[in-house]
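Structure record follows, encoded as structure tokens.
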Amino acid sequence: MTNPLLAPWTAPFGLPPFADVRPEQFAAALVEAMARHLAEIEAIAAAAAPTFENTIAALDRSGRDLVRIESLFWNLTSSETSPALQEVQRAMVPQLAAHENRVRTDAGLFARIDALHARRDALGLDPEQRRVLERFHLDGVRAGARLAPAAQGRHAEIVRRIAELMTRFGQNLLADESAFKLVLQSDADFAGLPEFVRAAARQAALDRGVADGAVITLSRSLIVPFLTFSERRDLREAAWRAWTSRGEHDGASDNRAVAAEILQLRLEQARLHGFASFADYALSDTMAQRRDAVTALLERVWQPALVRAEEEREALAAIALSRGESATIEPWDWRFYAEKVRRVRFDLDDAEVKPYFSLEAIVAAAFDCAARLFGISFVERRDLVAYHPDVRVYEVRGASGPIGVFLHDNFARPTKRSGAWMSEYRTQSRNDGAPVLPIIVNNNNFAKAAPGEPTLLSFDDARTLFHEFGHGLHGLLSNVRYERLAGTSVLRDFVELPSQLFEHWIDEPEVLKRHARHHRTGEPIPDALIAKLRRARHFNQGYETLRYTASAIVDMAIHARASSEPVDIVEFERAELARIGLPHGVGVNHRLVHFQHLFSGGYAAGYYVYLWAEVLDADGYDAFVEAGDPFDPAVAHRVARFIYSAGNSIEPGAAYRAFRGRDAVAEPMLRERGLLESVATVAT
Ligand SMILES: [Zn+2]
């Protein structure tokens, strides 16, 4: 009768008791864990005169039961959800948000933190202690600890309600995604699709109980190749419209009013803190600090990308005309004709590339790069079973023993949300006596091959895997004392640095020669194919840059609104895209109605962070280029020490300077996107 969530977790490495957990156990366990946490907070607040140890270090150690149960809960609701779990989610998420807010604003606790903060120069703290004190203090302030009682009450209600709405936003999206399938039946429906797309579509049909058929779902690894290869313009249009209208359907899954209410509440929250807009409030806790710093960066790529995308569009129109088709490029045509141009201009064919990029090979490549850079190894533990048979479990070993556990969950399924992400089951720390080892998971959404067949990735998929693995390393290599500062708990515009930096290694010819081997013959990828991949790197970057930047601009604009009138998000988005002149054929696939980053994730007024971090990663990777070796030991040592293992224990600007010896410059980012030439064109 005991609840396995609340009992000690006795599996190796303290892994959750996956096999014993039932959705109906979560509510009681979370309620009990919140009560235990509050008792700990009361004990801290009631202790003798505040010291760093009895207040800050104790706070950092508190709530461990809640954190482990909550981490399991969040991970399952993302990766392997069910109607029962979704129901618990709807009931518990607002309570969990309210609980966190209550702890952060607890009057007795905050008075102690505030007193320590006021005397921080006189406490004899080391740099990490000082930083964790400042972090906890800021957490309290941002949660409303300094507000007058009425405002504090309203702030708490806003936080609770936003959590509720964000849950609904994500669940609505999953409902729309699970509901959609484009069934392919006649031979004509398959026109243009390479074998790997056909196979993935047949497998998706099996997974969804469609007998003898093939379906295109809204999983990126199906929809993107479908839009790229399908000769059927009508089906491409249908797929595109379904993909970009998720969350915009009348009825139970409609996200329009949900997003509008979130926006209204965020503005009210920002005003309580004395900011004119939510964007200003959110940015005050980032490296960028101010909206104009973000706008300047986005504008720096926008104009040259417009020029580049127009050149690209002309090339697409030319090839369409040569095929006797319409020269008007619609959003569902861009990828299709871009692929044709890619073949003609670069003689590059995705179907020729994929056999060298089996999932198995690319996972091995990621592990090998981590081994060569950081001296760690990944040892599969087939004896350890996670929450789904497809999840692979690895013990991660450093020079002197295990440093953590890595779960790799690579395949799309109807119970998993879309996208790719890293998260944690347990965060690294050394504040408890024995070191706490991290348990990290990477989720991807690759279309699984038929049984017995290898899953083949596109080069973009391989890059995504490396990206998430970079986040994974940020969690696994974390080596700090306080959990609050560990791993990915960094400022938001720093968090994409370790992930995007790691993407550079999959571009390295040496890595490709070693790992990108034909899944049948074992032959390494030919030099000529690597050369083609490299030549084609800048192709279509105008399009990619516009799509991304448009979404970042819309995000910033809607969160910069200072009017508390409810907003029609569809109309706002249309007007903003018209204002900035997004070309018709480009089209955005992160529309506000389904923009999970903003409305069910932590990237509100923060979609810009990928580009911000790209300035850092492009400039940072040049350190390896300058050293003449992608695995240069001295550079690897510095990047490990100041970037991958430092967490938030060092101010991010200072951490970057310690790694690189200077501040980052933007030119390497522009060069990587192939936008430097266009800059020159614009300037003259
Ligand atoms: Zn990322």
Side-chain angles (χ1 to χ4, degrees), residues 74-75 78-79 170 220-221 224 282 286-288 294 297-298 362-363 366 369-370 406-410 412 416-424 427 438 440-446 457-478 486-507 544-545 547-549 551-552 555 589-590 594-621 639 643-648 652 655-656 664 669 672-673:
W74 286 118
N75 276 299
S78 298
S79 305
R220 272 193 77 85
S221 64
V224 171
T286 62
M287 287 181 84
V294 173
L297 177 63
L298 295 174
I362 301 309
V363 171
C369 288
F406 179 64
L407 310 183
H408 218 180
D409 185 351
N410 284 311
K416 191 197 271 196
R417 76 171 170 84
S418 53
W421 66 96
M422 164 272 196
S423 62
E424 301 180 325
T427 305
I440 303 297
V441 60
N442 271 183
N443 272 278
N444 289 298
N445 261 296
F446 303 134
L457 306 183
S458 67
F459 194 56
D460 278 352
D461 289 338
R463 187 183 295 283
T464 299
L465 188 145
F466 266 60
H467 177 100
E468 298 310 331
F469 191 66
H471 283 307
L473 290 171
H474 200 191
L476 289 165
L477 293 169
S478 178
T488 53
S489 314
V490 291
L491 298 191
R492 210 169 40 177
D493 41 10
F494 193 75
V495 79
E496 298 301 329
L497 170 59
S499 52
Q500 293 181 172
L501 186 65
F502 203 74
E503 290 179 37
H504 289 265
W505 278 277
I506 191 65
D507 275 333
E544 296 295 349
T545 303
R547 273 191 327 121
Y548 163 77
T549 310
S551 293
D555 162 39
N589 60 294
H590 278 314
H594 47 248
F595 209 159
Q596 298 194 84
H597 286 81
L598 314 194
F599 298 114
S600 63
Y603 288 77
Y607 198 57
Y608 78 90
V609 302
Y610 296 93
L611 192 65
W612 188 272
E614 197 175 313
V615 171
L616 303 178
D617 78 68
D619 183 70
Y621 194 73
V639 83
I643 306 295
Y644 283 94
S645 69
N648 193 15
Y656 188 83
M669 177 276 286
E672 294 259 311
R673 282 185 176 257

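Indexing begins at 1, ligand by ligand and atom by atom, following the structure's order. Every value quoted in this text rests on a predicted model; they were computed, and no experiment measured them. Residues take their numbers from the sequence shown, with the count starting at 1.
Formation of a donor-acceptor pair under 3.5 Å by the N442 side chain with backbone atoms of E468 is found in this model.
Closest approach of V294 and A288 over heavy atoms only: CG2-CB, 3.8 Å.
E614 is linked by a salt bridge (charged side-chain N to carboxylate O under 4.0 Å, His left out) to R673, counting only residues two or more places apart in sequence or in another chain. Listed by chain and residue number, R660, R662 satisfy the salt bridge (charged side-chain N to carboxylate O under 4.0 Å, His left out) test with D619 (two or more places apart in sequence, or in another chain).
Nearest N/O/S atom of H467 relative to the Zn ion (ligand 1): this is NE2. The N, O or S atom of E496 with the smallest distance to the Zn ion (ligand 1) is OE1. For H471, the N, O or S atom closest to the Zn ion (ligand 1) goes by the atom name NE2.
Not one N/O/S atom of E468, from backbone or side chain, sits under 2.8 Å from the Zn ion (ligand 1).
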